[in-house]
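Everything on this sheet refers to the single structure shown next.
Here the structure is a predicted model, which is why all the values come from computation and not from measurement. Reckoned from all heavy atoms, side chains included, excluding hydrogens, waters and symmetry mates. Both counts, for ligands and for their atoms, begin at 1 and track the order of listing.
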Amino acid sequence: MQGNILKSHGRDHSSHLLITFDTETPEHRRKAREFLSGLVESNLITTALQQWEEAKAYRDVQATIHGNGAITDKDVAALLLSASSVFVGVMVSAEGYRALKLDTRYMPDDPSFLAGAKARVDVLQDPPVEDWEDNFTVPLHALVIVADDVADRLESVVTQLKELLQGFCLRVGEETGTAMRLKADGEEDPSAPVREHFGFVDGVSQPLFYARDIDNARTRRGGIDRYDPSAPLDQVLVKDPGGKDTGYGSYFVYRKLEQNVEGFRDDEMALAKKIAEFAHPKTPTPTPEDIALAGAYMVGRFQDGTPVVERGVAGLGSLPNNFTFDADPDGVRCPFQAHVRKSNPRGDKQRQFGQPLTQERTVRIVRRAISYGKVTLQPGPDDKVGLLFLCAQSSIADQFEFIQNQWANNRNFLREHSGLDPVIGQIQQDQPDDDTLAGHWPKLYGSRNELDFSTNPPSVVGHTFALRLLGPWVTMKGGEYFFVPSLSALRAYG
Ligand code: HEM
């Protein structure tokens, strides 16, 4: 099995080679298939086992460093470098399987995968394919991910791969990603958590598969006792039809998502102004706390990762994943449409529709995204920034597509007029752009009954107000669905 499925490869720099093979002649097709199998034969692919062993070696080196006060920064960097290597992974699209004329018994059978992302535009309310970037409008056959913490070492593998691809390739598009390790004020700091361009710490909540990771989550950093972070292997792995007995793979969704940071900030401010009007009507100018709360209502977490359902001010930090929405059945602490509540409702469906929690939990995805564009929280008007969104699952229709289509884009989930997901919700092209798209937001954090002081005597009013944000501020620029084949299948392709 390849790496980066059960656990993130964790490298901060990433290059994605989007490959369109020249499949006109049998000779070219043979070379393309040999390229894929050659990645395994030449040990370029990082296996799940290798990733596991490297992670252990890395931890050992870190332990040595901690126990040795005399060690210099330069030695630390060299030691850590020696304990890791470049990560390489490969995946193939359904169009790729067909174009390479791989035996049909090798073809994975997920219906959305077989259709390909271009055929799912209408289902997901994505922009039309002609509006996508060139890297994605072409037929994409394979994606190779090369990742490392050391940009130079990564570059030499990318160059090597591009040379290998010469002669039987029509096009190799490239997207590059960087994990933005930034402090809250946007200053770069290698020890800071990873943030996305709207400024929020990202990659906090992930389904965990390895016993070691699950134990760590349960016992360290305050522990987890209210939310089960573990997931069964079949949430992400499927038997690879082209592989041997132990050959497993996974479906990957790839989407280039451009973020309009200025637009997001404007919406955050519009929401903050309303929050201020309700919280302190006599001085209705939004305070920094109101603005932080507005962002937290949109995302479901404060910028530092604190879940807004837990408290109305930041400060818990990015680590806690120990929360559900049990104590907030009315959405007065975390609005129903907040990005994390839409994309992982943590029991809302049981409360609202009586659906077993086990069923809701099968919808979870494993995120492997990385930011692209300038490393900054304040991009200029011409800076194109966003997320190279990648997620793994065992069923694209039941996991990624379900979240995007049934939850994020659905203004009536969890309840009538809950509103679109303010981060990733996409509007139907033919939908009226009117107030029915407004979301409902808490008037006063955590309060169910609010007094309206504008009337005399003050009257009791509802606990939420409706506000139509101007987003979406995330625009899909293209993507594809891939399958990450097992090593035994890849060998057989040659
Ligand atoms: C969580 C941002 C796209 C699904 C998060 C978090 C942030 C974030 C800040 C909270 C940190 C965390 O729990 O890791 C973004 C941005 C996106 C984006 C800026 C686009 C540019 C997507 C897409 C999906 C998605 C396309 C799936 C359709 C999730 C899920 C979680 C999450 C499942 C974890 C929820 C939980 O378990 O609590 N995202 N996201 N995100 N996002 Fe996104």
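- Interface of F400 with ligand 1, defined as ligand atoms under 4.0 Å from a residue heavy atom, comprises 28 (C).
- Distances from atom 5 (C) of ligand 1 to the heavy atoms of R367, K256, H197 put R367 nearest.
- How far CD of Q350 is from CG of D326: 8.5 Å, rounded to the nearest 0.5 Å.
- The distance from ligand 1 to the heavy atoms of I403 drops below 4.0 Å at these ligand atoms: 28 (C).
- Taking the six-membered ring for Trp and thresholds of 30 and 60 degrees, F113 and Y97 have ring planes more than 60 degrees apart, a perpendicular arrangement.
- Heavy-atom contacts of F200 reach the following atoms of ligand 1: 9 (C) (cutoff under 4.0 Å).
- Q378 CD: 12 or fewer foreign heavy atoms inside a 6.0 Å radius.
- Inclusion of G203 in the set of residues having an N or O under 3.5 Å from an N or O of ligand 1 is warranted.
- Assignment of A408 to the shell around ligand 1 is not supported, since no heavy atom sits closer than 4.0 Å.
- The closest non-hydrogen atom to atom 39 (N) of ligand 1, taken over H339, Q426, K342, comes from H339.
- Below 30°, between 30° and 60°, or above 60°: for Y227 and F323 the angle between ring planes is below 30°, a parallel geometry.
- Remark: ligand 1 atoms within the under-4.0 Å shell around heavy atoms of V474 are 21 (C).
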**Request:** Report the C-alpha separation of F200 and H339 in whole Å, then their side-chain angles, then the decisive distance to 0.1 Å, and conclude whether the ring pair (Phe, Tyr, Trp, His ring centres under 6.0 Å) test is met.
**Result:** CA-CA 12 Å; F200 295 79; H339 176 56; 9.7 Å; no
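- When heavy-atom distances to ligand 1 are checked against a 4.0 Å cut-off, V204 comes that close through both its backbone and its side chain.
- Here the side chains of Q399 and I365 are in contact, with some heavy-atom distance below 4.5 Å.
- Between W52 and Y210, the ring planes lie tilted relative to each other; the angle falls in the 30° to 60° range.
- Less than 4.0 angstrom separates some heavy atom of E196 from each of these atoms of ligand 1: 19 (C).
- Near V423, meaning under 4.0 Å from one of its heavy atoms, ligand 1 places the atoms 16 (C), 17 (C), 19 (C).
- The salt bridge (charged side-chain N to carboxylate O under 4.0 Å, His left out) test with D348 singles out one residue from R415, K342, R341, and that residue is R341.
- In terms of protein heavy-atom proximity, atom 7 (C) of ligand 1 is nearest to D202 OD1, 3.5 Å.
- The side chain of Q259, and not its backbone, has at least one atom closer than 4.0 Å to an atom of ligand 1 (non-hydrogen atoms only; side chain from C-beta on).
- A cation-pi contact, defined as under 6.0 Å to the ring centre and within 45° of the axis, is absent between K256 and F389.
- N321 does not count as a contact of ligand 1, since none of its heavy atoms falls under 4.0 Å from the ligand.
- Judged by the shortest distance from any of its heavy atoms, R346 lies inside the 4.0 Å radius around the atoms of ligand 1.
- Ring geometry, W407 versus F413: the interplanar angle falls under 30°, so the pair is classed parallel (tilted spans 30 to 60°).
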